[in-house]
Each structure stands twice: as structure tokens, then as C-alpha cells.
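Quick note on labels: first sequence line is chain A, next is B, and so on, each numbered from 1. Owing to the predicted nature of the structure, the values given are computational and were not obtained by experimental measurement.
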There are 2 protein chains.
Amino acid sequence: METESTMKPKRPANPLALAVLGLLLEQPMHPHAIATTLRERELDRAFKVTTGSLYDVVRSLERAGWIAAQETARVGGRPERTVYTHTGQGREQFVAWLDELIRVPAKEYPKFISAISYLGALGRQAAREALTERAGHLAAEADRARAAWRDVVDAGRAPRLFMLELEYALRMIEAELAWVEQVAADIDSGTLAWPVAA
Amino acid sequence: METESTMKPKRPANPLALAVLGLLLEQPMHPHAIATTLRERELDRAFKVTTGSLYDVVRSLERAGWIAAQETARVGGRPERTVYTHTGQGREQFVAWLDELIRVPAKEYPKFISAISYLGALGRQAAREALTERAGHLAAEADRARAAWRDVVDAGRAPRLFMLELEYALRMIEAELAWVEQVAADIDSGTLAWPVAA
DNA sequence: ATCCGATCAGTCGGATCCGAGTATGTGCGC
DNA sequence: GCGCACATACTCGGATCCGACTGATCGGAT
């Protein structure tokens, strides 16, 4: 039996909460503004921003005491806007959370890995084709990322620090592309044995 | 207004369903056996196998008509076991799903990316330390993966085809490690400007 | 004989997720 | 001065997820 005082109010699981906190640290906002700001800054590349989840996340952040409702006003006949601020605790927890996310790699389950696990079932030829198509998509994505990076950083429109996440994504895409191309080549050359009926 | 016949019964979202299907294609099984088999084969590296989700996933697969209950028997006084088989439709859909997962890269939201987006907030020094610790974890993980790969493939205990998923994971870890080390080094050398107060 | 921990097989309910919906306000073309 | 697309701001409910629990059985050490 655990009393209320002994149980720790574990942090929100949804990374979107991190984004919310990050914005509120700059200035108070209402949820809708948070969503639009996130999209403006293209942080929706890194966070899955869906309205439904956003309001849930904000509520749970409030329950945890990391943010607090500041005022709730109505302009015209529109729905009310509730403006939230971060709390002192919120600031601390934000940094702690961030720190841990960086320090210790979280176990993830990318869909591609699950698919590779059953690649054999696709048959040699179909696998080769599917991989080749993927390689095309990846190459295109990498190009887009490189272009976006050049546009911003080379032009001096923002320091590299703020493009790190794009840089990382690019490196990962490149690595995946290299591997996919290698496997496709190994299928072609017969280097990769295909023990299953195909 | 859409009638029942016109609406397509979209495929299960949870990749665990793919794993279930994959096993049932080999032979009929009951959920508990599916879970243990998945763990034996270490497919729980690629799929998040939790009992709760498993039973949900099986139910939804049955609703979709991709698998079917074959018999439900009781041995002794234990809970009943319901054995499931794949259906013809299940076989087709499995391949189609697999094919698409390979062909088109899905948008993912790794936690690390969300953290990098706010790396600036950590401050120069703390960021450098956190990244260094991560690098350590990643290096250890890479070592483990390399060892596991050698154990199995070099020893000829299984063909490379069945280790692809481990190979892929390893390549991605290596790429991430390289990037993390680079950024840490750039912080040290002052190459990476830190515009925010720190 | 019997007690204990591991194994077997599955249920349950709370938490979370998120797409679709609601309802008003604003700007602009004609 | 009317219609209509778009923006504003949030709510709702179904679907899904998953940790914690139940409760029986089995094997072996005592």
C-alpha cells in the first residue's frame, strides 16, 4: 500500500510534453498557440503534433504540477482560451528529462526493423524490388534534408545548433540508405543466400 | 454515408500483429505460445511483446478475418487455450503489409530527435557530458550486437538472411555513435557555436 | 506428504492516443 | 451586403495499449 506522498508522479510518457514545456519556458501560451508555433518552427518534424494529444498532454502536465493555468479568457464568441505558464518544478523537470533522453538511448521499435525480421517471406525477387524502391525514397528524402540544411545554415539564417536535429536525421537516413543498397546489391550478386523457397 | 461493404477494414496498426501473422503462417498456435516463441527467437528485439497488447492484437486480427480461432481446449484446470490459424486472406495481407513496410519509409519519431531539438536548453557543458555518456552506451550496445552477430553467423549457426535485422540495427547504432561523437568533439573544439546563454 | 517457486494462460481496467467533429469569427471577391 | 473559404479554439468518444493481477498446475527439495 502506497500513500499519496510516497508515490512519485512519474513524468509524462509522450515526448510532445517536452515540446510543450520547451515553449512554455519561453512564454505563456494557450494550447492552440502552442500547436501553431510548433508547426511554424517545423518542430512537427520531431514531435507528433495532433490536437487531441496536445490537450491531453497539457492536462497531464498540469496534474503533475509542471505547468499551471494562468488565466482563461474569451475573445468574442469563440471557445475560451486557457493560457498556461511553466512552474519552477516544470523548469527543473524539463532539464532533467532532456538530460536523460540524451544520456541513455531509449529502446525503440522502428517499423522497418519489424519488416526486415520477415524479409525472407517476401521472396528473393520481391525483396530486391521493394528494397530498391525504398532506396529511391530514402535518396529523395536525403536530398530534401540536405537542401533544407544548406538553405538555412549556409545562408547564415540560423546557427547550426538549431539544425542539429535535421543533421542527425540526415545522417541516419544516409546510413539506412547505404545498408539498403548494400543488401539489394548482395541479393543481385547472389552473395546473400536465400535459404527459403522463393 | 458508407455502407459496411464499401469501407475497407484497414489493417492493424500494431506491428506486433505482423509478428503474430508471421508465426501463424508456420503453424497454428495459441497466444501464450506465440509470446514465448517470439521471445525464444529473440524477435522481441524487433517487436514490443506485451501480453496485454498481444491478446488485443489477436482479437483485432480475428475481427479482420486474417486469422481464425481453430479450437479452444482446456488441459487440466488451467485457463482455456484458443488456438488460431491464419486464413487465406491473412497470408495475402501479410505479404502485402510486409511489402509496403519495406517499400515506403514510415515517418517515425525517435525520442532522441525530440531531445536534440532542445539541446540548446541544456547548456554547453551539460550537453557535452550527456552526449559523451550516450556515446558510451552506444559503443557498448554496438559491441554486444557485433558479438551476437559473430556468434551466430560466423559460426554458421544461421544464414545471414535471418540476422539482417541485427545487422541493420548495428549499422544504425554505429551511425548514431559517429554523429554523437562528432558533435561532442565540436562542442569541445568550439566549432559548434552556442548562441544561448550557458 | 507438502511447501515453494516457476510456468502456464489469460483477464481487466486505467491511461493514452488521436481523428473527426463543433461552432464561431474574419476577410474577400463580386 | 452576401456567400464561402479559411482560421480559431477546443471537445468528444472510440480504439488501443499495457502493467498488474488472477489462479491453477507442475517439479523438486525438504
inquiry  = Between Glu141(B) and Arg134(B) (salt bridge meaning N to carboxylate O under 4.0 Å), is one present in this structure?
reply    = no
ask   = To the nearest angstrom, how far is Arg11(B) atom CZ from dT16(D) atom P?
value = 14 Å
key: Whole angstrom value for the distance that separates P of dA9(D) from CD1 of Ile34(A)   = 12 Å
ask   = Would you find a donor on one side and an acceptor on the other, under 3.5 Å apart, between the side chain of Gln93(A) and the backbone of Arg11(A)?
value = no
ask   = Of the candidate nucleotides dT16(D), dA9(C), dC18(C), which contains the atom at the shortest distance from the side chain of Asp56(A)?
value = dC18(C)
query = Would you say His137(A)'s side chain and Pro105(B)'s backbone share a donor-acceptor pair under 3.5 angstrom?
reply = no
What does the list of N/O pairs under 3.5 Å between the protein and nucleotides 19-21 of chain D look like, with a distance for each?
{"residue": "dA20(D)", "atom": "N6", "partner": "Thr51(B)", "partner atom": "OG1", "Å": "3.4"}

Nearest-nucleotide pick for Arg63(B), side chain only, options being dG10(C), dC10(D), dT16(D) = dT16(D)
message = Check the phosphate of dC12(C) against Arg59(B), side-chain N and O only, distance under 4.0 Å to OP1 or OP2. Yes or no?
response = no
task = Figure out the CG/C1' separation between Leu54(A) and dC10(D), and round it to whole Å.
result = 10 Å
inquiry  = Please tell me whether Glu92(B) and Trp66(B) have a donor and an acceptor in their side chains that are separated by less than 3.5 angstrom.
reply    = no
ask   = Which of the following nucleotides, dC8(C), dC17(C), dC10(D), is nearest to the side chain of Thr36(B)?
value = dC8(C)
request  = Examine distances only and state if a side-chain atom of Ser189(B) and a backbone atom of Thr191(B) form a donor-acceptor pair shorter than 3.5 Å.
outcome  = yes
query = What is the distance, rounded to the nearest whole Å, between atom OH of Tyr55(B) and atom P of dT16(D)?
reply = 19 Å
Residues from residues 14-27 of chain A lying under 4.0 Å of DNA chain C - heavy atoms = Asn14(A)
Geometric class of the Tyr118(B)/Phe47(A) ring pair [parallel <30°, tilted 30-60°, perpendicular >60°] = tilted
Exercise: do Ser117(B) and Ser114(B) side chains pair donor with acceptor under 3.5 Å = no
ask   = Between atom OH in Tyr109(B) and atom P in dT16(C), what is the gap in whole Å?
value = 20 Å
key: Nearest-angstrom distance from the residue atom NE2 of His30(A) to P of dA9(D)   = 5 Å
query = Rounded to whole angstroms, how far apart are CZ on Arg81(A) and P on dG25(C)?
reply = 14 Å
task = For a side-chain contact (heavy atoms from CB on, under 4.5 Å) with Arg128(B), tell me which candidate from Val183(B), Ile187(B), Asp186(B), Leu122(B) qualifies.
result = Ile187(B)
query = Can any side-chain N or O of His30(B) pair as donor or acceptor with the backbone N or O of Thr82(B) at less than 3.5 Å?
reply = no
request  = Figure out the NE2/C1' separation between His32(B) and dA6(C), and round it to whole Å.
outcome  = 11 Å
